[in-house]
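One is the number of the first residue; the rest follow in order along the sequence. Predicted model only: the values in this text are computed from it and were never measured.
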Amino acid sequence: MRSSKAPSQRQLRVGEEIRHILAQIFSLRHSGNALLDRSSVTVTEVRVSPDLQNATVYIVPLGGEHLPETLEALKERSWYFRRELAHQLKTRIVPRLVFQPDLSFDQAQCIDTLLKSEKVKKDIEGTD
């Protein structure tokens, strides 16, 4: 049976620090990858494992364009971002970085569209 514990304060604090550092690194545009250096990438969230060995970085390219290519470039250059993170992160361990797309914006838009649909409007109006 899997327990789903909430992240600790330390995990949240380290994740937020990593998010800020990565956002700063992305803004410098010195990754060595042409796509990443000309794109604007937003880091929406970083989830850190309890042992601080791994971090999942959720990203969104500006406008959602070139998502697969951006993820591939981030995967190829993850060593670079980890090295840069090591210079600024004030922890003994620098986690391995795994980049994932943040799909929460797409899900929110889908829910918004659903709520604005005629069928839902009829259901809401019928309950009055």
Undergrad: With ring pair (Phe, Tyr, Trp, His ring centres under 6.0 Å) as the rule and sequence neighbours excluded, what pairs involving residues 60-80 come up?
TA: none
Undergrad: Looking at CG of Leu74 and CD of Gln100, how far apart are the two atoms once the value is rounded to the nearest 0.5 Å?
TA: 11.0 Å
Undergrad: Using every non-hydrogen atom in the two residues, find where Leu36 and Ala73 come nearest and quote the distance to one decimal.
TA: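 That would be CG-CB, 3.8 Å.
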Undergrad: Measure the CD1-OG distance between Ile93 and Ser49 for me, rounded to the nearest 0.5 Å.
TA: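 Between Ile93 CD1 and Ser49 OG, I get 8.5 Å after rounding to 0.5 Å.
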Undergrad: Is it possible for you to say whether Leu52 and Val94 belong to one hydrophobic cluster, with membership spreading through side-chain heavy-atom contacts below 4.5 Å?
TA: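 The answer is yes; both residues are in one hydrophobic cluster.
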Undergrad: Would you check if the side chain of Arg29 reaches a backbone N or O of Ser39 as a donor-acceptor pair within less than 3.5 Å?
TA: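 Present.
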Undergrad: The test is side-chain contact (heavy atoms from CB on, under 4.5 Å); show your working for Leu89 and Ile18 and say whether it passes.
TA: CA-CA 7 Å; Leu89 191 63; Ile18 291 171; 4.0 Å; yes
Undergrad: Would you compute the distance between atom CD of Glu76 and atom CG of Asn33 and round it to the nearest 0.5 angstrom?
TA: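 With rounding to 0.5 Å, CD (Glu76) is 7.0 Å from CG (Asn33).
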Undergrad: Transitively linked via ILVMFWY side-chain contacts under 4.5 Å: Val48 with Tyr58?
TA: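 In one cluster with Val48: Tyr58, no.
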Undergrad: Can you list every side chain to side chain donor-acceptor pair (under 3.5 Å) pair that touches residues 81-97, not counting sequence neighbours?
TA: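 Qualifying pairs: Asn54-Arg96.
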Undergrad: With a 4.5 Å cut-off on side-chain heavy atoms, are Arg13 and Pro7 touching?
TA: no
Undergrad: Once rounded to the nearest 0.5 Å, what's the spacing between atom CD1 of Ile25 and atom CG of Leu85?
TA: 6.0 Å
Undergrad: Looking at residues at least two apart in the chain, or sitting in another chain, which of them share a side chain to side chain donor-acceptor pair (under 3.5 Å) with Ser31?
TA: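 Per chain and number, Ser31 pairs via side chain to side chain donor-acceptor pair (under 3.5 Å) with Asp37.
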Undergrad: Would you sort out whether Leu22 and Val57 count as a side-chain contact (heavy atoms from CB on, under 4.5 Å), showing the intermediate values?
TA: CA-CA 9 Å; Leu22 286 175; Val57 181; 3.8 Å; yes
Undergrad: Any non-hydrogen side-chain atom of Pro101 less than 4.5 Å from a side-chain atom of Ile59?
TA: no
Undergrad: Keeping to residues at least two apart or across chains, list the salt bridge (charged side-chain N to carboxylate O under 4.0 Å, His left out) pairs with something in residues 15-24.
TA: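 Of all non-adjacent pairs touching residues 15-24, those that pass salt bridge (charged side-chain N to carboxylate O under 4.0 Å, His left out) are Glu16-Arg19.
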Undergrad: Check ring-ring contact (aromatic ring centres under 6.0 Å, His included) between Phe26 and all other residues, then give those that pass, not counting sequence neighbours.
TA: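 By the ring-ring contact (aromatic ring centres under 6.0 Å, His included) rule, Phe26 matches Phe81.
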Undergrad: With no hydrogens and no angle check, just 3.5 Å: does a side-chain donor-acceptor pair link Ser8 and Gln11?
TA: yes
Undergrad: Could you work out, with salt bridge (Lys or Arg N to Asp or Glu O under 4.0 Å) as the rule, every residue matching Arg47, not counting sequence neighbours?
TA: Glu45
